[in-house]
Amino acid sequence: MDNVGIVVDDLVGAIDFFRELGLELEGRAMIEGEWAGRVTGLAGQRVEIAMMRTPDGHSRLELSRFLAPTVVADHRKAPVNALGYLRVMFAVEDIDETIGRLRKRGAELVGDVVRYQDSYRLCYIRGPEGLLIGLAQELN
């Protein structure tokens with residue numbers, strides 16, 4: 001897998017949030033033109049993107065803000081049993097410390113931090129614009 005894409009309304013806020021989570025900004029670009037519309041099926045698209053890389057360098061997150069055409073649906077507040085793409089989960093060293101830092105950026109805990117057997121501590125948070133983010137801390 002090359003990357004996961006998330007559409008946001010506040011690109012700068014989303015970049016700041018995911019930087020706080022430990023991702024690095026690789027770059028920003030404007031995507032537009034006939035070729036772009038042929039790929040996505042959206043003629044006349046203008047999209048500002050930011051590509052972010054995980055600290056281990058193995059994964060990337062593409063944040064997109066559509067300037068044209070207008071966004072047609074909003075499923076950011078969908079519950080965890082909604083159909084379609086739902087969330088991105090990140091491995092963290094210290095889940096409590098990470099939640100504390102992300103709360104300063106507006107994150108809210110969805111349920112509780114739970115222990116899965118003797119393997120992980122897990123939780124879901126709502127991040128920027130209500131996006132569902134999973135956090136997993138491996139237990140030693």
Beyond-backbone contact of [X] with [Y], side-chain heavy atoms, under 4.5 angstrom:
X: Pro128; Y: Val8; value: no
X: Val88; Y: Phe90; value: yes
X: Ile133; Y: Phe18; value: yes

Tell me which donor-acceptor pairs under 3.5 Å the side chains of residues 28-35 have, and how far apart each pair is, sequence neighbours excluded?
unit_1 : atom_1 : unit_2 : atom_2 : d
Arg28  : NH2    : Glu48  : OE2    : 2.5
Glu32  : OE1    : Arg46  : NE     : 3.0
Trp35  : NE1    : Glu32  : O      : 3.2

With Pro69, which residues qualify under side-chain contact (heavy atoms from CB on, under 4.5 Å), at least two apart?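 Once residues adjacent in sequence are excluded, the partners of Pro69 under the side-chain contact (heavy atoms from CB on, under 4.5 Å) criterion are Leu42, Gln45, Phe66.
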By side-chain contact (heavy atoms from CB on, under 4.5 Å) - contacts of Ala82 (at least two apart):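 Testing Ala82 for side-chain contact (heavy atoms from CB on, under 4.5 Å), a comparison that skips the adjacent residues, returns Ala78, Pro79.
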How long is the straight-line distance from [atom2] of [Y] back to [atom1] of [X], given to the nearest 0.5 Å?
X: His75; Y: Leu131; atom1: NE2; atom2: CG; value: 8.5 Å
X: Leu135; Y: Ile125; atom1: CG; atom2: CD1; value: 4.5 Å
X: Leu122; Y: Leu139; atom1: CG; atom2: CG; value: 8.5 Å
X: Leu61; Y: Ile6; atom1: CG; atom2: CD1; value: 4.5 Å

Report yes or no: do [X] and [Y] belong to one cluster of Ile/Leu/Val/Met/Phe/Trp/Tyr joined by side chain heavy-atom distances under 4.5 Å?
X: Leu63; Y: Val47; value: no
X: Leu132; Y: Met89; value: yes
X: Ile49; Y: Val71; value: yes
X: Val12; Y: Val7; value: no

Under the side-chain hydrogen bond (donor to acceptor under 3.5 Å, both in side chains) test, residues paired with [X] that sit two or more places apart:
X: Ser119; value: none
X: Asp2; value: Arg60
X: Asn81; value: none

With sequence neighbours excluded, what pairs up with Arg103 under the salt bridge (Lys or Arg N to Asp or Glu O under 4.0 Å) test?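 Arg103 satisfies salt bridge (Lys or Arg N to Asp or Glu O under 4.0 Å) with no other residue.
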By salt bridge (Lys or Arg N to Asp or Glu O under 4.0 Å), which residues pair with Asp118, not counting sequence neighbours?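 Asp118 satisfies salt bridge (Lys or Arg N to Asp or Glu O under 4.0 Å) with Arg115 once adjacent residues are dropped.
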Count the heavy atoms belonging to other residues, nucleotides or ligands that lie under 6.0 Å from CD of Glu26, then report whether that count exceeds 12.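 Enclosed.
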Which residue pairs pass the salt bridge (charged side-chain N to carboxylate O under 4.0 Å, His left out) test with at least one member in residues 4-16, sequence neighbours excluded?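 Checked against salt bridge (charged side-chain N to carboxylate O under 4.0 Å, His left out) - neighbours excluded - no pair reaches residues 4-16.
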According to the salt bridge (charged side-chain N to carboxylate O under 4.0 Å, His left out) rule, which pairs have a member within residues 125-140, sequence neighbours left out?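 Listed once each, the pairs are Arg76-Glu129.
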Could you tell me whether a side-chain N or O of Thr54 sits under 3.5 Å from a main-chain N or O of Ser59, the two making a donor and an acceptor?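 Judged by distance alone, yes, a pair lies under 3.5 Å.
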Cluster partners of Met51, using ILVMFWY side-chain heavy atoms under 4.5 angstrom, listed by chain and number?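 Besides Met51, the cluster holds no residue at all.
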So, for [X] and [Y], which heavy atoms are closest and what is the spacing to 0.1 Å?
X: Ala68; Y: Gly44; value: CB-O, 3.8 Å
X: Cys123; Y: Asp112; value: CB-O, 3.8 Å
X: Phe17; Y: Gly127; value: CZ-CA, 3.7 Å

Enumerate the side-chain hydrogen bond (donor to acceptor under 3.5 Å, both in side chains) contacts for residues 86-97, please, sequence neighbours excluded, ordered by first and then second residue.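 Listed once each, the pairs are Arg87-Tyr124, Asp96-Arg121, Glu97-Arg101.
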